[in-house]
Number of protein chains: 2
Amino acid sequence: MYSLSEENYLKAIFHLQKQPNQGVSTNALAEQMETKASSVTDMIKRLSEKDLVSYKKYKGVKLSSKGRNAAVQIIRKHRLWEVFLVDQLNFSWDEVHEVAEQLEHIKSKKLIRELDKFLDYPKMDPHGDPIPDEDGNIAVAEKLLLNEINPGKTTVCVGVKDTSTHFLKYLDKNNIALGKIIHIKEKEAFDESMLISIDHKELRISKMVSSNIYVKTKN
Amino acid sequence: MYSLSEENYLKAIFHLQKQPNQGVSTNALAEQMETKASSVTDMIKRLSEKDLVSYKKYKGVKLSSKGRNAAVQIIRKHRLWEVFLVDQLNFSWDEVHEVAEQLEHIKSKKLIRELDKFLDYPKMDPHGDPIPDEDGNIAVAEKLLLNEINPGKTTVCVGVKDTSTHFLKYLDKNNIALGKIIHIKEKEAFDESMLISIDHKELRISKMVSSNIYVKTKN
DNA sequence: AAATATATTTAGACACCTCTAAATATATTT
DNA sequence: AAATATATTTAGAGGTGTCTAAATATATTT
Ligand SMILES: [Mn+2]
Ligand SMILES: [Mn+2]
Ligand SMILES: [Mn+2]
Ligand SMILES: [Mn+2]
């Protein structure tokens, strides 16, 4: 199939292409891949050769449907493995990403199908991200960033945007987790910090924090 | 740590070095790795550079203790994953090897420790091979090849030498599996074929078969 | 519109791992 | 011991994926 490197590029392009439906820039891709722009250009040409992306010089890359499909399958595997690690192997949500980055490249249809069954067909990974189904469909959850919600509202935490160990550990320390009820008491105008309450305890969080927590407003 | 290729070479050397305690020949290694002798020589030099093997031109390679340790850890991972696939994910013993070949290269101490715990510290893989412990110790089972046993004896199947899909499927078809009681009724002198009984049913097997089944004599 | 800054590509190199063909060393026959 | 066969290494090359430095294209300022 595709090489480890190719798979990682496809995934990176997919993630970057999310918001705008236009081409992903070489520089953005270089940053995501932690490599140099020139290396990206090289790889893009190879991917283009294999019809995994469409590429016009200086205009960025877009995934072809073939490329998108490959990317989604890798993301499916990544997220299923993350569920496995947390639910079955006692990993915490800040420890899984690195290992899942490796496991997502294992090639075996049967493996991933059986893993899915074994985990009882989970819909979400430990960070609240949806798990694509076998056909590549991804459920779009109605979720908003906490910093966009007005004071007075009560919400449920349904995901995180930043999935870095640092951020996740901060959340653990402050009792913020998926499913937790977050009530917004105040929003400071000048720095957009918030006073929230979780488990009947008050907590002040910066915009940096509130803009990385996904919530669903609770009726 | 080590590259995928390096790990596969280390494992191959380990397996070939088993019987004799002398160097593994370039050609033997080339065959095992399904590659060319010249490629082997190249790689051996790199492994030697990293003190993973000792190498004298024209005299073959031996694993250093560093190399042996690396090899054993990979084998530990391979066999633990095989147990996982069979016990938890409904794989049959002839399907696991290919996937385990990939999974054995995943790098995570915690993963393998938790997997071991999750599987309740298995001692054997689905083919009856011992799983090395965390320190690299490998239990030596008392086992003999079926073709070395005399007629009249009753034995238990404890392992297989050939782990190819073909052979394992043949065994499935004939109800031969780990733990099965095998009674030896006759041994034909001229072709060393055997008449055995399993589950009260008689079966004639060739030397090719009997010399790939490990058994333990039953009292 | 020209000048400047930024983004992207190209050129040339290198590490890793593989290959074929040729050279050399070791083992086996005669 | 010489001849032959086999095993191993060396030489030279290619693919993948990366890098730095230089060239070129696009975007932003003035
Ligand atoms: Mn992840
Ligand atoms: Mn995730
Ligand atoms: Mn195996
Ligand atoms: Mn096995």
Side-chain angles (χ1 to χ4, degrees), chain A residues 1-17 19-20 22-63 67 70-71 74 101-102 104-105 107, chain B residues 1-14 16-17 19-20 22-63 66-67 70-71 74 101-102 104-105 107:
Chain A
M1 217 51 184
Y2 308 117
S3 76
L4 196 129
S5 217
E6 288 170 334
E7 293 195 344
N8 283 333
Y9 270 94
L10 292 174
K11 196 167 53 114
I13 297 168
F14 179 87
H15 281 131
L16 291 171
Q17 211 179 328
Q19 290 91 348
Q22 55 190 14
V24 173
S25 80
T26 303
N27 257 13
L29 201 39
E31 190 184 356
Q32 177 85 7
M33 293 294 299
E34 298 181 48
T35 184
K36 297 300 152 87
S38 57
S39 303
V40 171
T41 303
D42 282 354
M43 179 55 94
I44 282 172
K45 286 176 180 168
R46 272 193 293 275
L47 295 176
S48 182
E49 207 57 49
K50 299 186 180 178
D51 289 317
L52 290 164
V53 301
S54 70
Y55 168 55
K56 288 197 221 80
K57 268 191 192 177
Y58 297 100
K59 298 298 177 190
V61 276
K62 293 179 202 176
L63 290 175
I74 298 160
E101 283 296 307
Q102 298 176 63
E104 70 188 4
H105 301 289
K107 273 124 186 133
Chain B
M1 216 53 182
Y2 308 117
S3 76
L4 196 130
S5 216
E6 288 170 335
E7 292 194 346
N8 283 332
Y9 271 94
L10 291 174
K11 198 168 51 118
I13 297 168
F14 179 88
L16 291 171
Q17 210 179 329
Q19 290 91 347
Q22 54 190 16
V24 173
S25 81
T26 302
N27 258 12
L29 202 39
E31 190 184 358
Q32 177 85 8
M33 293 294 298
E34 297 182 49
T35 185
K36 297 300 152 86
S38 56
S39 303
V40 170
T41 303
D42 282 355
M43 178 54 95
I44 281 172
K45 285 176 181 169
R46 273 194 292 276
L47 295 176
S48 182
E49 207 56 49
K50 299 185 181 183
D51 289 317
L52 290 164
V53 301
S54 69
Y55 168 55
K56 289 197 219 80
K57 268 189 192 177
Y58 297 99
K59 297 299 176 191
V61 277
K62 293 179 201 175
L63 290 175
K66 193 175 157 193
I74 298 160
E101 282 295 307
Q102 299 177 61
E104 72 189 4
H105 300 288
K107 272 121 185 135

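Naming convention: chains lettered A, B, ... in sequence-line order (proteins, then strands); numbering from 1 in each chain.
As rounded to whole Å, 9 Å separates atom P of C:dC17 from atom OH of B:Tyr9. A:Leu47 has its CG atom 12 Å from the C1' atom of D:dT16, to the nearest Å. One atom, CD of B:Glu49, and another, C1' of C:dC17, lie 16 Å apart when rounded to the nearest Å.
The salt bridge (charged side-chain N to carboxylate O under 4.0 Å, His left out) search around B:Lys11 returns B:Glu101, B:Glu104, not counting sequence neighbours. Residues passing the salt bridge (charged side-chain N to carboxylate O under 4.0 Å, His left out) test with B:Lys57: none are found, sequence neighbours excluded. When the salt bridge (charged side-chain N to carboxylate O under 4.0 Å, His left out) test is applied to A:Lys45, no partner is found at least two apart in sequence or on another chain.
For the pair A:Tyr2/A:Leu52, a side-chain contact is recorded, criterion being any heavy-atom separation below 4.5 Å from C-beta on.
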Can you give one letter per nucleotide of nucleotides 2-16 of chain C, 5' to 3': B if a protein heavy atom sits under 4.0 Å from the base, S if only from the sugar-phosphate, - if neither?
-----SSBB------

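Here B:Leu63 contributes atom CG and B:Leu47 contributes atom CG; the two are 9.0 Å apart, rounded to the nearest 0.5 Å. Interatomic distance, B:Lys59 NZ to B:Thr26 OG1, rounded to the nearest 0.5 Å: 11.5 Å.
Side-chain atoms of A:Glu6 come within 3.5 Å of backbone atoms of A:Ser3 as a donor-acceptor pair (strictly under, hydrogens ignored).
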Strand DNA chain C as a dot-bracket string - pairs counted if Watson-Crick or G-U with both distances under 3.5 Å, | where the partner lies in another strand:
||||||||||||||||||||||||||||||

Which donor-acceptor pairs under 3.5 Å do side chains of residues 27-42 of chain B form with protein atoms, sequence neighbours excluded?
from, atom 1, to, atom 2, distance (Å)
B:Thr41, OG1, B:Ala37, O, 3.1

